[in-house]
Amino acid sequence: QNIDWDEICNELSELEVIRDRTQLSKLSQDYYHFSPILQPLLQDKTADLVVRPVNEAEVLKVAKVCVQYKIPLTVRGAGTGNYGQCVPLEGGIILDLSKMNKINWIKTGLTSVEPGVKLAAFDKQAREQGWELRMVPSTYRTATIGGFIGGGSGGIGSINYGQLRDRGNLQAVRVVTLEDEPQVLELRGDDVQKVNHAYGTNGIITALEIPLAPAYPWAELIVTFDDFMSSARFGQALGNSDGIINKLICICASPIPSYFAAFREVIPEGKHCALLIIAEPSLEPFQDLVREFNGEVCYQKSSKEANKGTTVIEYTWNHTTLHARSVDPSLTYLQALFPLDPDLKLIEHCYHHFGDEVMLHLEFLRTQGQMLPAALQVVRFTTEERLNEIIRYHEDKGILIFNPHTYILEDGGMKTINLEQLEFKKQVDPHGLLNPGKMRAWLEQ
Ligand code: FAD
């Protein structure tokens, strides 16, 4: 379609608009390159304009222009997503919300924020009042709250509070629509699920109410083990130790720790390790658990020191993959959820079955009232066929794979069409302008 971009810039002349080619390509990308499958599909996709609104009124203005000229619009937070969530498949406008970064208020256990607030910046301020976010991704320093809701799933803290999709982890949102007359809607309670983790395909979130967790002084530790299954069983036992307050249990099989440049002097070669965050008042009982499993604490940072320099957080969740790939760029990854398995027999099976080809990296989390091991396995990539074979092998054993090698919303997630999100899209984006090409249900209707 022929859009006169000079005319569009004129329409948006009171807003910050970016047309510089280098900036456009940069702001059209995210971290999809972790996937050798997505890399060739997305590398050339570029927006025609980037617009940076500073408030909801400016978002409404952009929405109106997009509807009037039928311009595709893709929302962007910090662009740290892994599946090309904010890559504009059909060009158009990237709506960069990083300047909408006001914290509206923080009350007991609840906050209201604009979507561009960075997670770490929020926690720094909230901790002064004794609160923090219930969960953050390992990209917490750069990622935005709106982007985490739009494209993330969980992270550090999920061991206590489950994942973002769990009822109660998102209280309310304000959403700008792309109807013929764009408007602002407020969704509360279960209605938030209409836009939660929808890749910005059915509304632009302009404010969020998020429940908080009490903030503890958190110590960071690394414990090493001689054999992998002891480290996995230790992780499970820690997750089940209701009296030990923690918020991160990450288990890495050897040779993954050898990819961690900052810890090369700390973690002896060939050892398997647990990267952990434990509340300082719980450190004494924690030491007893370490002894029970013959672990060895090789690194410990107090809560005060943990705020400065290296943090274990940036070696866990998908940062584990990042560090592995910085040593060997041919490596890629999977995302999995293991079923309830008190003896960890499936994990033991996978560990021996795949050996070095699928290196086990576990992240324990709570989901639906149970503590389960999720995994972001580091995979030695050979061919797409072999990757799919590995995925099928896991699925045949009852292990859920959240495929990170697709940009389609449903294919990467629960693999089912979300009728509620589709119905909401029909209502608020009748012209299909929001992040086109990402929602299968819309494409196939
Ligand atoms: P973006 O990438 O900018 O956006 C993500 C999606 O949300 C896009 O589809 C976008 O269109 C949409 N969106 C953004 N803002 C809005 C809005 N206001 N309204 C509607 N839609 C919107 N994810 C996890 O869940 N847990 C992890 O531990 C984790 N670790 C990671 C580690 C690494 C090294 C990397 C590269 C990624 C990781 N991720 C993780 C993925 C990603 O960093 C997080 O999900 C992050 O929260 C995304 O925030 P963002 O601001 O970068 O969002």
Side-chain angles (χ1 to χ4, degrees), residues 27-35 47 53 56 59 63 72-89 93-101 113-120 133 135-158 163-165 169 173-178 187 192 194-208 248 250 313-326 333 335 361 363 365 374 376 402 404 407-409 412-413 421 428-429 434-439:
L27 294 167
S28 298
Q29 301 282 299
D30 65 10
Y31 282 77
Y32 65 81
H33 53 80
F34 278 23
S35 162
E56 193 177 80
V59 173
L73 184 154
T74 303
V75 188
R76 180 182 173 94
T80 66
N82 287 111
Y83 332 120
Q85 290 110 306
C86 63
V87 174
L89 296 181
I93 289 182
I94 291 268
L95 191 72
D96 176 341
L97 294 182
S98 57
K99 292 230 166 128
M100 284 181 63
N101 56 4
V113 292
E114 289 188 337
V117 173
K118 290 190 185 299
L119 299 147
L133 290 163
M135 65 198 77
V136 295
S138 57
T139 45
Y140 72 117
R141 284 202 220 219
T142 45
T144 65
I145 297 188
F148 190 36
I149 295 296
S153 55
I156 296 93
S158 285
Q163 293 182 284
L164 288 172
R165 77 169 85 95
N169 282 332
V173 284
R174 280 170 72 84
V175 178
V176 167
T177 71
L178 264 74
L187 306 178
V192 299
K194 292 175 179 171
V195 295
N196 194 357
H197 197 78
Y199 291 4
T201 56
N202 61 6
I204 306 163
I205 300 171
T206 50
L208 308 95
L248 173 72
C250 165
I313 292 178
E314 286 171 343
Y315 289 81
T316 65
W317 290 83
N318 224 356
H319 266 79
T320 311
T321 321
L322 180 137
H323 291 290
R325 282 176 47 76
S326 68
Y333 71 122
Q335 299 178 138
H361 157 207
E363 295 286 348
L365 53 76
L376 289 99
F402 301 95
Y407 56 74
I408 301 285
L409 177 60
Q421 292 193 347
V428 303
D429 182 27
L434 282 168
N435 208 355
K438 305 281 173 62
M439 188 193 270

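Indexing begins at 1, ligand by ligand and atom by atom, following the structure's order.
Here salt bridge (charged side-chain N to carboxylate O under 4.0 Å, His left out) pairs that include residues 77-89, with residues two or more places apart or in two chains, number zero.
In this pair, F34 and Y31 present their aromatic rings perpendicular. The plane angle is above 60°, beyond the 30 to 60° band. Ring planes of H319 and H323: tilted class, angle from 30 to 60°.
Using a heavy-atom distance under 4.0 Å as the criterion, the protein contacts of ligand 1 are Y31, V75, R76, G77, A78, G79, T80, G81, N82, Q85, C86, L97, P115, P137, S138, T139, A143, T144, G146, G147, F148, G150, G151, G152, S153, G154, Y199, G200, G203, I204, I205, W317, N318, H319, L322, N435.
Here the side chain of N435 pairs no donor or acceptor atom with the backbone of G200 at under 3.5 angstrom.
Of all heavy-atom pairs between H361 and W317, the closest is CE1-O, 3.0 Å. Across all non-hydrogen atoms, the minimal contact from L434 to T201 is CB-O, 3.4 Å.
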